[in-house]
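Okay, so here's the structure we're looking at.
Just so it is clear: chains get the letters A, B, ... in the order the sequence lines come, proteins before strands, and each one is counted from 1. Keep in mind the model is a prediction, meaning the values are calculated, not measured.
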Number of protein chains: 2
Amino acid sequence: MATIYDVSVLAGVSLATVSRVMNNNTKVSDKTRQKVLDAMASLDYRPNTIAQSLASNCSNSVGVLVSQLDGPFYGPMMTEIETSLRSANKHVIIAAGHSDEAQEKSGVEFLMSRGCDALILDVEAVSDEYLIKLYKGTTPIVLINRYIEAIKDCCIYLENEQGGYMATNYILSLGHKDVAYVSGPMSKRDAQDRLLGHKRALAEYGLAFDDELWYEGNFREFGGNDAMNHLLTLDKKITAVVCASDQMASGVIAVCLENGIKVPDDISIIGYDNIPFPQYISPKLTTVSNPINEMGKMAALWVLQHVYKDTKVDVDCAFAPELFIRDSAKPLTS
Amino acid sequence: MATIYDVSVLAGVSLATVSRVMNNNTKVSDKTRQKVLDAMASLDYRPNTIAQSLASNCSNSVGVLVSQLDGPFYGPMMTEIETSLRSANKHVIIAAGHSDEAQEKSGVEFLMSRGCDALILDVEAVSDEYLIKLYKGTTPIVLINRYIEAIKDCCIYLENEQGGYMATNYILSLGHKDVAYVSGPMSKRDAQDRLLGHKRALAEYGLAFDDELWYEGNFREFGGNDAMNHLLTLDKKITAVVCASDQMASGVIAVCLENGIKVPDDISIIGYDNIPFPQYISPKLTTVSNPINEMGKMAALWVLQHVYKDTKVDVDCAFAPELFIRDSAKPLTS
DNA sequence: CTGTTAGCGCGTTCAT
DNA sequence: ATGAACGCGCTAACAG
């Protein structure tokens with residue numbers, strides 16, 4: 001592999017000049033620049049990024065830590081991050097935290113040990129204090145899907161309470177009054193906020209929140225299965241169920257269909273997240289969007305702007321959910 | 001950040017000795033080793049991986065190029081790769097090729113420019129020749145989901161023909177004789193092979209392959225929608241449809257349900273891939289597995305073994321599909 | 001505008 | 001078993 005030295009010899013210039021044309025910081029005369037470029041071409045020269053990193057103290061890499069690499073969320077997010085960053089010639093190193101505190105911390109340690117210039121974190125098990133401390137360290141961090149007042153300028157998050165409100169508000173506007181709620185695990189902030197929004201909508205319609213009609217799920221499909229099976233054992237009238245995730249909504253629908261309950265004729269269902277899959281099955285799921293891909297892109301822009309001074313784009317931190325009306329919920333007719 | 005030099009001073013030894021205890025290649029007396037360890041601890045020393053890379057000419061990073069980071073496949077694969085590699089203290093750099101030749105090549109270039117010690121590639125647009133040439137280069141590569149005779153020792157693939165055979169064979173064993181086939185795009189080898197298997201099963205049962213009952217889809221949900229809508233316009237008897245992907249099968253089922261066709265009572269459906277989602281909706285999808293996660297893990301082991309000499313695990317290259325009988329297909333009753 | 005000269009932090013001979 | 005010295009490929013002052 002040709003080095004910068006080989007190029008300098010062939011071009012008849014110094015190492016520094018070659019370096020200059022690569023980074024075009026300083027002015028170089030067109031003539032010498034061309035000589036260097038020619039030399040590079042004929043040697044098929046590729047800069048050694050590792051040597052560049054060592055010398056410049058900048059690795060051009062950003063670490064991304066997510067709870068899981070699979071599932072319907074992180075894929076779209078990673079796609080946007082990778083695209084945005086690569087077009088700026090930065091590379092992304094990935095790590096998974098598996099929603100476990102120790103693993104999330106070890107993931108952060110790992111990425112920092114790799115000399116990442118910045119970290120994009122989607123973590124849920126570590127404490128606010130831990131993140132605040134991290135924030136004060138030397139490696140810049142961006143938080144996705146998490147809002148911490150003290151360090152809000154590095155937080156990119158969805159207005160979950162508002163989304164929760166929108167979903168339930170829509171259902172209530174359809175005339176439903178007996179609505180069950182399948183939440184995520186209350187240990188997660190997202191789940192708490194969505195539930196808060198649900199309650200707010202209920203209150204606006206003068207409806208009481210019925211504890212019995214609330215099932216704490218796990219955001220996953222089988223959590224939805226369990227939820228609906230449980231709801232069915234109750235001897236209560238239920239005309240709609242609001243779910244805190246599309247995956248759970250799908251699980252709920254599956255149990256309904258298996259029990260001969262038609263969706264949306266007999267019962268209305270609404271989800272949350274707007275993941276791709278439930279848009280293509282029957283009935284098409286009505287839901288509220290979680291623009292995780294856009295948040296990923298924003299995180300990448302944040303890094304480009306704050307760390308690499310590469311762009312002057314405005315970064316927005318708060319994302320608003322949006323209602324997607326499809327076929328799984330309809331007006332109450334009785 | 002403390003450097004190896006600081007440690008050597010505090011421990012009262014030379015740089016070389018500190019380096020030795022880090023890499024414990026050569027023998028170091030227990031006494032000095034302990035001094036060094038203590039010094040490291042009290043300085044909270046972390047080796048600079050970039051400097052290590054430059055000096056050792058080994059970046060401890062492996063590049064992974066997939067067609068897309070989202071979708072139901074690559075997540076599980078990435079999870080396994082990341083887990084296996086990180087436990088060996090290697091990091092993974094990701095890139096997406098978007099099933100486009102130019103983008104796949106630029107992805108490979110990008111990863112190589114990052115000094116990756118090896119590349120794990122899941123590419124479909126580049127030619128065999130390109131890959132063979134890459135194989136002969138200095139950076140080791142592993143191919144996932146692709147079989148090229150000339151370089152088969154670095155190929156990790158699924159026996160797609162066999163899977164196609166299994167799916168159709170199962171359907172035929174249920175007594176179906178009028179079966180439609182929704183394939184992937186014929187430009188992809190996977191799609192071709194699965195179709196071949198389908199035809200073999202047909203032949204074994206003495207059934208002719210009917211061109212009219214074959215729809216070339218795109219592996220995606222809406223491809224399944226289109227397929228079933230098309231099949232419905234035909235005035236042909238169809239008691240079962242075999243799909244080359246679970247996503248398409250889901251799209252097919254959706255259209256059936258929307259048209260009042262019951263699955264599996266009126267029509268049997270079988271998918272391919274065994275992705276998570278269709279396992280939780282109604283009816284639960286019968287399918288053939290595509291152990292993409294295991295293939296990812298195997299690719300990681302391959303790299304560990306061939307590139308880092310880290311393990312003595314046997315690496316298997318050919319993966320066999322497996323039939324998962326669930327609820328979307330049942331015996332023909334008429 | 002261009003060349004010289006130090007490092008960046010660490011691995012690795014080669015002596016001792 | 002340990003230390004001195006060089007080099008990995010490149011960037012960044014500092015001169016000129």
Side-chain angles (χ1 to χ4, degrees), chain A residues 1-40 43-61 89 112-117 138-139 308-309, chain B residues 1-40 43-61 89 112-117 138-139 308-309:
Chain A
M1 206 52 175
T3 76
I4 196 177
Y5 175 79
D6 303 321
V7 176
S8 75
V9 171
L10 212 180
V13 298
S14 73
L15 291 173
T17 302
V18 178
S19 178
R20 285 186 186 106
V21 347
M22 291 182 53
N23 306 303
N24 50 277
N25 303 324
T26 332
K27 291 293 157 220
V28 178
S29 79
D30 285 347
K31 199 163 48 182
T32 51
R33 166 182 305 279
Q34 198 52 53
K35 281 194 301 186
V36 172
L37 259 19
D38 290 344
M40 284 178 169
L43 286 172
D44 190 30
Y45 168 76
R46 320 289 179 92
N48 179 322
T49 56
I50 293 181
Q52 288 179 316
S53 298
L54 184 60
S56 65
N57 194 31
C58 168
S59 67
N60 288 309
S61 75
N89 207 31
M112 302 209 18
S113 82
R114 253 48 197 184
C116 292
D117 297 328
T138 53
T139 305
Y308 298 114
K309 324 289 183 196
Chain B
M1 206 53 175
T3 75
I4 197 176
Y5 175 78
D6 303 322
V7 175
S8 75
V9 171
L10 213 180
V13 299
S14 73
L15 293 171
T17 302
V18 177
S19 177
R20 286 185 184 108
V21 347
M22 291 181 54
N23 306 301
N24 50 277
N25 304 324
T26 331
K27 289 294 158 220
V28 178
S29 79
D30 286 347
K31 200 163 47 184
T32 50
R33 165 183 305 278
Q34 197 52 52
K35 281 194 302 185
V36 172
L37 258 20
D38 290 344
M40 285 179 168
L43 287 172
D44 191 29
Y45 168 76
R46 320 288 180 93
N48 180 320
T49 56
I50 294 180
Q52 287 179 317
S53 297
L54 184 60
S56 66
N57 194 32
C58 166
S59 67
N60 288 308
S61 75
N89 207 32
M112 301 210 17
S113 81
R114 255 44 199 185
C116 292
D117 297 329
T138 54
T139 305
Y308 297 115
K309 324 290 184 195

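- Each end of the helix from dC1(C)-dG16(D) to dT16(C)-dA1(D) gets its own rotation axis from five pairs of C1' atoms, and the angle between them is 30° to the nearest 10 degrees.
- Phosphate proximity of dA12(D) to Ser56(A): absent, as no side-chain N or O sits under 4.0 Å from OP1 or OP2.
- Between chain A and DNA chain C, the heavy-atom contact criterion of under 4.0 Å yields a 5' to 3' nucleotide range of dC1(C) to dG9(C).
- For Thr3(A), no side-chain nitrogen or oxygen approaches OP1 or OP2 of dG9(D) to under 4.0 Å.
- For the 3.5 Å distance criterion, the side chains of Asp30(B) and Gln34(B) fail to qualify, holding no donor opposite an acceptor.
- Atoms CE and NZ, from Met40(B) and Lys35(B) in turn, are 13.5 Å apart once rounded to the nearest 0.5 Å.
- A 6.0 Å sphere centred on CG of Asp38(B) holds more than 12 heavy atoms belonging to other residues, nucleotides or ligands.
- To the nearest 0.5 angstrom, Met1(B) atom CE is 7.5 Å from Thr138(A) atom OG1.
- At a cut-off of 3.5 Å, with distance as the only test, a side-chain donor of Tyr308(A) or Asp117(A) sits close to an acceptor on the other residue.
- At least one donor-acceptor pair closer than 3.5 Å links the side chain of Ser53(B) to the backbone N or O of Thr49(B).
- Of the two residues near DNA chain D, Ala55(A) and Ser29(B), the one whose nearest nucleotide lies more 5' is Ser29(B).
- Atom CZ of Arg46(A) and atom P of dC10(D) are 13 Å apart (whole Å).
- To the nearest 0.5 Å, the span separating CD on Gln52(A) from OG on Ser59(A) amounts to 11.5 Å.
- Here Thr17(B) does not reach the OP1 or OP2 of dT2(D): none of its side-chain N or O atoms lies under 4.0 Å away.
- Ile4(B) CD1 to Asn48(B) CG: the interatomic distance, rounded to the nearest 0.5 Å, is 10.5 Å.
- Within the nucleic acid shown, Ser53(B) has no heavy atom closer than 4.0 Å to any nucleic acid atom.
- A donor-acceptor pair under 3.5 Å links the side-chain atoms of Asp6(B) to the main chain of Thr3(B), judged by distance alone.
- Heavy atoms of Asn48(B) sit under 4.0 angstrom from primed sugar atoms or phosphate atoms, though from no base atom.
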Review item, nucleotides 13-16 of chain D N/O atoms under 3.5 Å of protein N/O:
none

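- Regarding Ile4(A), its CD1 atom lies at a distance of 16 Å from the C1' atom of dG7(D), rounded to whole Å.
- dG9(D) atom P lies 11 Å from atom CD1 of Ile50(A), rounded to whole Å.
- Between the side chain of Asn23(A) and the main chain of Ser19(A), a donor-acceptor pair closer than 3.5 Å is present.
- Here Val13(B) lies in heavy-atom contact (under 4.0 Å) with sugar-phosphate atoms only.
- In this entry the distance linking CE of Met1(A) with C1' of dC10(D) reads 14 Å, nearest Å.
- Within the 4.5 Å cutoff, no side-chain heavy atoms of Asn89(A) are placed close to those of Asn60(A).
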